[in-house]
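Order of the sequence lines sets the chain letters (A, B, ...), proteins ahead of strands, with each chain counted from 1.
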Protein chains: 2
Amino acid sequence: MTALEAREKRKAQTRERILEAGGQLLLNDGFHGFSMRKLAAKVNYTATAIYSHFPDKDALLGELVEREFIKFRRAFDLTSKIADPIERLAKKGMTFVEFALQQPDAFKFLFMNTQIEAFPKVGLIERGNPAQDCYAYLRSTIAEALAAGRFRPELSDADMLAQIFMSGVHGIVSLHIARGKDPWVKWRPVRQRAKLMVEALIRGLTLPQDERPESPPDTIGTIRI
Amino acid sequence: MTALEAREKRKAQTRERILEAGGQLLLNDGFHGFSMRKLAAKVNYTATAIYSHFPDKDALLGELVEREFIKFRRAFDLTSKIADPIERLAKKGMTFVEFALQQPDAFKFLFMNTQIEAFPKVGLIERGNPAQDCYAYLRSTIAEALAAGRFRPELSDADMLAQIFMSGVHGIVSLHIARGKDPWVKWRPVRQRAKLMVEALIRGLTLPQDERPESPPDTIGTIRI
DNA sequence: GCATGTCACTTAACACTGTTAATTTACGTA
DNA sequence: TACGTAAATTAACAGTGTTAAGTGACATGC
């Protein structure tokens with residue numbers, strides 16, 4: 001059995017080598033320049049050899065995208081400590097922005113990619129999907145603020161609110177990446193834009209301080225200092 | 001000379017036929033499915049024939065997108081009648097969204113394209129660039145609202161405000177296009193998302209009704225009913 | 001130790017893609 | 001009618017993703 005296991009291990013290693021080289025290729029040549037033959041050359045294989053490790057190009061690209069997502073989630077995790085849910089939400093938004101600015105290539109093919117529509121059918125969705133977790137983090141933060149009665153009374157849908165908030169910061173950075181060099185726009189510094197977006201959305205969606213309930217709606221009757 | 005003119009006219013007509021067919025092809029098959037040979041077949045030509053009308057595929061696609069964008073600007077123009085500048089701003093935002101949803105390929109090319117940084121060298125920039133105009137429209141609407149004292153006092157930068165607002169609606173639709181099929185997000189209807197985004201941003205950036213100045217700041221002393 | 005079979009990989013090929021060069025066809029003009 | 005130009009064609013190149021068949025290495029059963 002050790003012989004079989006050794007073979008499996010070797011296969012896993014070449015698979016890993018392919019993914020590693022694929023990540024580099026994607027970083028250097030972008031989606032447009034990525035090809036199976038180029039990738040194969042990087043690992044000294046024929047293009048067809050890759051097909052014994054991945055069903056097709058899209059599946060391979062999907063897996064590469066997943067790996068970038070995992071890096072992203074790691075950055076996102078660090079914002080979980082902040083006590084106030086609205087402050088935490090703001091911080092998460094700025095983390096999203098910072099990730100996009102520091103890893104623009106990863107961001108491009110995670111959030112501005114129009115080629116790979118959905119993630120691969122199998123695999124990703126089963127074991128906890130990192131992107132799913134990111135959205136789930138955002139949503140749970142909002143749900144917490146919602147439970148504390150921080151949002152305006154007509155807004156009670158955590159998914160809707162999470163999507164609005166995410167769209168806001170996403171819009172800032174994706175427009176910056178796509179059209180941030182257009183000479184006919186007097187672009188303001190992108191981080192200032194992001195900050196104002198977060199502030200404006202929070203002000204537009206939450207209750208002002210003097211209208212907040214003393215106790216959150218789901219804990220009425222309990223003491224809260 | 002009439003014979004030469006006739007020839008030029010015929011050439012212009014086949015050029016037009018190619019663009020017409022190209023528009024249909026782009027609509028049906030999208031960017032991914034668009035090919036020179038398919039297009040040529042639609043107009044009963046060889047693929048290479050197209051190269052005597054357009055320098056290359058990108059130029060052809062660029063011209064097709066420009067045409068879509070002109071349609072978009074036309075729709076954008078129709079929002080100029082609304083008297084209240086904030087209402088007009090909201091309407092412009094929703095027009096932007098509607099364009100992106102109805103012409104996703106044109107939108108991708110214009111606003112989610114990370115390959116072509118600036119617009120084509122020739123043509124677009126010389127005769128008024130539609131994208132430039134759209135931003136200018138948005139900005140002037142905001143400047144008008146700004147002059148009427150509708151924004152919060154600390155917000156006085158029309159460019160900054162225009163960029164925030166544009167980013168908001170852009171974020172909604174671009175995230176919808178890029179990740180709108182992710183199964184782990186309970187996506188709310190995209191138009192509802194857009195509506196709430198516009199409302200939230202306006203609420204977060206403008207003054208509430210009871211804090212608005214009776215007269216706009218630049219017309220203090222004049223009578224206003 | 002040798003035959004068997006599986007698995008990783010290569011070769012050959014197919015049907016595409018954008019694009020160029022050379023060639024043919026059509027047409028206005030002298 | 002001959003000439004020249006312009007618009008179309010054919011042929012070809014280099015590249016793409018992907019499949020089918022073949023090859024060599026290696027673990028397993030007798």
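- Scanning for ring-ring contact (aromatic ring centres under 6.0 Å, His included) contacts around Y51(B) gives an empty result, with sequence neighbours left out.
- For the pair K11(A) NZ and dA25(D) P, the interatomic distance rounds to 18 Å; values are reported in whole Å.
- Rounded to a whole Å, the CD atom of E8(B) is 14 Å from the C1' atom of dC27(C).
- Between dC9(C) and R15(A), no contact under 4.0 Å exists linking OP1 or OP2 to a side-chain N or O.
- Every residue meeting the side chain to side chain contact (heavy atoms under 4.5 Å, CB included) condition with A145(B), not counting sequence neighbours, appears here in chain and number order: P85(B), I86(B), R150(B), F151(B).
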Show which side-chain atoms of residues 37-47 of chain B pair as donor or acceptor with protein atoms under 3.5 Å away, not counting sequence neighbours.
{"unit_1": "K38(B)", "atom_1": "NZ", "unit_2": "D29(B)", "atom_2": "OD2", "d": "2.9"}
{"unit_1": "K38(B)", "atom_1": "NZ", "unit_2": "G33(B)", "atom_2": "O", "d": "2.7"}
{"unit_1": "Y45(B)", "atom_1": "OH", "unit_2": "R17(B)", "atom_2": "NH2", "d": "3.4"}

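- Rounded to a whole Å, the CG atom of L60(B) is 15 Å from the C1' atom of dT17(C).
- For L39(B) and dC16(C), the CG to C1' distance is 16 Å, given to the nearest whole Å.
- Between E98(B) and K71(B) there is no salt bridge, since none of the side-chain N atoms of the basic residue sits less than 4.0 Å from a carboxylate O of the acidic one.
- Judged as a side chain to side chain contact (heavy atoms under 4.5 Å, CB included), and not counting sequence neighbours, the contacts of E20(A) are Q24(A).
- Per the geometry, OH belonging to Y45(B) stands 14 Å off P belonging to dT10(D), to the nearest Å.
- Of the candidate nucleotides dT10(C), dC9(C), dA7(D), dC9(C) has the atom lying nearest to any side-chain atom of H53(A).
- Distance NZ (K9(B)) to P (dC27(C)): 17 Å, rounded to an integer number of Å.
- The nearest whole Å value for the distance from the CG atom in N44(B) to the P atom in dA8(D) is 12 Å.
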Practice problem: Could you run through nucleotides 13-23 of chain D and give me one letter per nucleotide, 5' to 3': B if any protein heavy atom sits under 4.0 Å from the base, S if only the sugar-phosphate is that close, - if neither? | Solution: ---BBBB----
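- Spacing between atom CD1 of I50(A) and atom C1' of dC9(C) amounts to 12 Å, rounded to whole angstrom units.
- H53(A) meets the side chain to side chain contact (heavy atoms under 4.5 Å, CB included) test with K11(A), T14(A), R15(A), I18(A); sequence neighbours excluded.
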